[in-house]
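Only a predicted model underlies this, so the values are computations on that prediction, with no experimental measurement involved.
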Amino acid sequence: MGSDLREETADGPAVRSAELIIASARLTELCECAALLRRTRARSEEIVDEARALLEEARRDGDLARVVLLREQFELARAKYAQVLDAYMRILQRITEERQEIIEGQMDRGRISGLSGVA
């Protein structure tokens with residue numbers, strides 16, 4: 001008859017430490033994704049600005065065929081920028097949630113070890 005280690009350590013310090021390590025790793029990955037999305041968002045914004053400038057130039061020149069083409073490209077650039085911005089905002093929200101979970105886990109760990117949490 002073997003013992004079930006999971007039952008014996010389910011609330012143990014090793015499990016809580018492992019959960020904190022995993023949560024920290026997830027947070028690191030999310031931050032790396034956010035950095036990539038931040039750069040992508042900045043570049044997308046530049047593309048939208050460039051498309052807007054080209055569209056305005058075509059309007060000033062009175063080139064209707066080019067205006068139609070550039071308007072489509074401008075609208076597509078704006079739509080893609082909105083998608084990138086939405087993804088960026090979602091990942092920032094997830095980072096906030098992950099940080100909160102880590103803080104709550106640390107507070108729970110402090111309570112379990114008998115610390116009051118008051119400095």
Side-chain angles (χ1 to χ4, degrees):
M1 292 192 214
S3 63
D4 187 355
L5 293 177
R6 221 185 288 169
E7 282 183 24
E8 292 177 19
T9 62
D11 292 327
V15 172
R16 287 190 299 275
S17 292
E19 289 172 345
L20 180 60
I21 290 168
I22 292 168
S24 295
R26 274 194 316 257
L27 182 59
T28 299
E29 289 175 352
L30 288 170
C31 288
E32 289 170 359
C33 289
L36 176 62
L37 278 171
R38 187 173 29 259
R39 291 188 299 273
T40 303
R41 181 187 56 82
R43 181 61 186 131
S44 295
E45 194 171 326
E46 290 172 5
I47 290 169
V48 168
D49 290 342
E50 291 168 11
R52 182 183 292 114
L54 289 172
L55 178 58
E56 289 303 317
E57 179 183 305
R59 284 181 178 151
R60 281 192 307 272
D61 293 345
D63 188 344
L64 295 179
R66 201 165 145 232
V67 165
V68 170
L69 175 66
L70 291 172
R71 182 180 298 133
E72 289 174 12
Q73 291 177 355
F74 172 69
E75 291 302 326
L76 179 61
R78 280 182 27 159
K80 296 301 178 183
Y81 173 74
Q83 288 177 336
V84 170
L85 186 59
D86 182 59
Y88 182 62
M89 297 304 292
R90 287 176 189 260
I91 204 158
L92 290 179
Q93 179 62 37
R94 186 65 193 123
I95 287 170
T96 299
E97 291 168 359
E98 195 69 39
R99 284 182 178 150
Q100 186 62 35
E101 288 176 24
I102 290 171
I103 290 168
E104 288 171 4
Q106 289 173 333
M107 289 175 60
D108 289 344
R109 197 157 111 196
R111 276 189 219 113
I112 290 169
S113 67
L115 300 176
S116 68
V118 177

- Task: Please assess Arg59 against Arg71 for the test side chain to side chain contact (heavy atoms under 4.5 Å, CB included), listing each intermediate value before the final yes or no.
- Result: CA-CA 10 Å; Arg59 284 181 178 151; Arg71 182 180 298 133; 3.7 Å; yes
- From CA spacing to verdict: side chain to side chain contact (heavy atoms under 4.5 Å, CB included), Arg52, Asp49: CA-CA 5 Å; Arg52 182 183 292 114; Asp49 290 342; 3.0 Å; yes
- Residues Thr40, Ser44; criterion side chain to side chain contact (heavy atoms under 4.5 Å, CB included); working and verdict: CA-CA 6 Å; Thr40 303; Ser44 295; 4.2 Å; yes
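Rounded to the nearest 0.5 Å, atoms CG (Leu55) and CD (Glu72) are 11.0 Å apart. Rounding to the nearest 0.5 Å places CG of Leu36 at 13.0 Å from SG of Cys31. Annotation: the span from Leu54 atom CG to Arg66 atom CZ amounts to 6.5 Å, rounded to 0.5 Å. Taken from CD in Glu46 to CZ in Arg41, the straight-line distance is 10.5 Å, to the nearest 0.5 Å. With values rounded to the nearest 0.5 angstrom, Glu101 atom CD is found 5.0 Å from Arg94 atom CZ. With values rounded to the nearest 0.5 angstrom, Ile91 atom CD1 is found 11.5 Å from Glu97 atom CD.
The one candidate from Arg26, Glu29, Gln93 that meets the side chain to side chain contact (heavy atoms under 4.5 Å, CB included) condition with Glu98 is Arg26.
Closest approach of Ala77 and Val48 over heavy atoms only: O-CG2, 3.5 Å. Leu92 and Ala34 get closest at one heavy-atom pair: CD2-CB, 4.4 Å.
Residues Ile95 and Leu37 are members of one and the same hydrophobic cluster, defined by side-chain heavy-atom contacts under 4.5 angstrom among Ile, Leu, Val, Met, Phe, Trp and Tyr. Under a hydrophobic-cluster definition in which Ile, Leu, Val, Met, Phe, Trp and Tyr are linked whenever side-chain heavy atoms come within less than 4.5 Å, directly or via other members, Ile47 and Val84 are assigned to different clusters.
Look at Glu56 and Arg60 and you find no salt bridge, because none of the NZ, NE, NH1 or NH2 atoms lies under 4.0 Å from a carboxylate O.
A 4.5 Å side-chain heavy-atom check between Glu45 and Leu85 finds every atom pair outside the cut-off.
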